[in-house]
Every structure is written in C-alpha cells, then in structure tokens.
Amino acid sequence: MTGDREKRMAMDEQLVLDGNAAGGLLAAAYGADVTSWRGRCVHCGTISVVATLRVYVGGPGTVLRCPVCAGVVIRIAETPTGLRLDERGMAELGPGR
Amino acid sequence: MGERFVTRGFVGRRDAPGAGGDLRARTPPGQYLTSDFPVLSAGPTPRTDLDRWSFRIEGLVDRPIEWTWDEFLALPARDWVVDISCVTKWTHLDMRWRGVSVDTLLEGVELDPAAAFVIAWCDGDYTTNLPLADVLNGQAFVAYEYDGAPLRPEHGGPARLVVPARYFWKSAKWIRGFRIQAADEPGFWESLGYHNRGDQWLEERYSGD
Ligand SMILES: [Zn+2]
C-alpha cells in the first residue's frame, strides 16, 4: 500500500482517486470487500456506492469524501496499534440492495 | 516522494565530519531528507477568492479581530528559514517562507487568563490543535509566500500556518483563523490516532508514542 501510495504521490500533485483505490485498506478495516456497499452521506443525504467516493491520500491517513458535497464520510488511519476508522459521515453503510 | 529525492549521501556516512554531520544532526529520528515539497491533502484544494478571505481570532479574547487579505499583508512580516518534517517521513531543510508571526497576530487581541489552546481552522473543514505555549515566542507563523513566490494553493495558499517544531500536519493549510480555548480539542488527525502534540524530535507520530 505504502509503495503504491508513494508512486502515485510522485506523479500527481492533486491526488484524487476513487473508492476502489482504497479497497484494500477498506477491506482491512471492515473485514470484507465493501467497494460495492452503499451508504448515505450525513452532510447532504446523497446515497453513494463506496467505489464512487472520492479518495484523498491525505498525508497521515486516507480520507473518503462524498462525490456530491465533498464532505468527509470515512477516515482511516494506519497506526502501529491497528487501523483507526471513523465512518460517522456515512450512515446506513451496508451491502447494496 | 520517490527514491530520487532522497539525499542518501549525506545521511548514510555516520563518521563524516562537516556538512554531512550537520545535516544528520538536523534530521529527526526516522526521517529522510528531501529537496522536494510533497503535496498531501485530506481533501480538495479550496479556492477562496481573496476578496472574501479573512483571518479571524475568536474565542477567549476580549474582542474578536478579523483582517482582510490586504490588511493581513500590511501586518509586520518577516522571512523565515526553517526545517520541516512530515509524519510521512520526509524532512526538508531550510525551507524559505515569508509571513506573520503568531505573536504579532495575538498582539491584536487581549487573551483571557484561561486561554490555553489554539484551534487552527481552515477552508476545507480542517482543524488542528496546539497549546498556546507551542505557538508563542517566534515558534509559529502564518505564511503567504514560499521560496519568494505567493504560496501556491496546493501548498496551502493563500495562507497556511507553519509550526516548524511539530510534524507538518500541525501546519494547517488554507488557514482562516484561530479559536482560543481553555480546553484542548483534538483536530482532524489528532482525533484519529495521531499524536496530540506531534514533536518530531520525540517521534510523536501516533497517540501513545
Ligand atoms: Zn454529501
């Protein structure tokens, strides 16, 4: 993950990816492939598939934002004691219906 | 952040005297030297119209104060040459900035005796927290020029906080103001497992370090 991240960093100044790019990290956090899951942005109410979220590899951690309002929906940090996940910006996150 | 930016020649020779030793002594533990300025953002780069930009100090002050862009540029400024370390492990020595000392900004208000913490808030909903003691006495500034040119948006322009003695996530991009508080309040990364203080010489990367 880190190596790929650094390669992308070197290429792109404004690093924006889609949710698939965080698929591995999300799988580690949720214990499942969640890229096809849906959730509702608590900021604007838009329901999005995880794969369509905007991903920012923001220095310390990874930030997933709503594709409509750019509000933060999921944050993940990799720390020595494990992954830290904050999904308060994404309501009703679950497998697509 | 690729290999080509790493100046291994300097950091590798442990017994070399002179400049190499000086560079080594200036590199915090676990960091590598780079001459690049990597861009790391937790979100889209805000494009705030300078006509609508302001810098505001509020919270535990006698009266909030707010400067427009032109007023901010008219404040006493100076050049700063400082070493910067990012928690993603790059260190860039002698980065040249121009900006206004936090001391100068706080001269515009009278702090309440209970004031103890600064919450830097920004366009893009980013925040970071610092004890007042960590930003006074020339330890922090709000920069609007880097390397002789206006600070570019991807690097935090029009203005960013710079706190050289802390990991770079404390140097909040796109800063718009300080909220002065009695109580500490973990910011964007501090609330997700990163160290509350972030002193790079003590390798305070994660909470618990
Ligand atoms: Zn939204």
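Reckoned from all heavy atoms, side chains included, excluding hydrogens, waters and symmetry mates. In what follows, chains carry the letters A, B, and so on, assigned in the order in which the sequence lines appear, proteins first and then strands, with residues in each chain numbered from 1.
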**Report entry** Flag if over 12 foreign heavy atoms under 6.0 Å of CG, D125(B)
**Finding:** no
Contact list (residues 191-198 of chain B to chain A, heavy-atom gap under 4.5 Å, by number) returns S191(B), L192(B), G193(B), Y194(B)
Closest heavy-atom pair, T62(A) versus W189(B), reported as atoms and distance to 0.1 Å, is N-CH2, 4.0 Å
Cut-off 4.5 Å, heavy atoms of chain A, and the answer for Y167(B) is neither
Query raised in the report: Can you list the steps and then say if Y56(A) with L40(B) is a side-chain contact (heavy atoms from CB on, under 4.5 Å)?
Result: CA-CA 8 Å; Y56(A) 293 83; L40(B) 296 157; over 6 Å; no
Open item on the list: Counting neighbours of CZ on R78(B) that are heavy atoms of other residues, nucleotides or ligands and sit closer than 6.0 Å, is the number greater than 12?
Closed with: yes
**Message:** I'd like to know if the side chain of R65(A) reaches the main chain of A42(B), judged simply by a donor and an acceptor atom lying under 3.5 Å from each other, with no hydrogens or angles considered.
**Reply:** yes
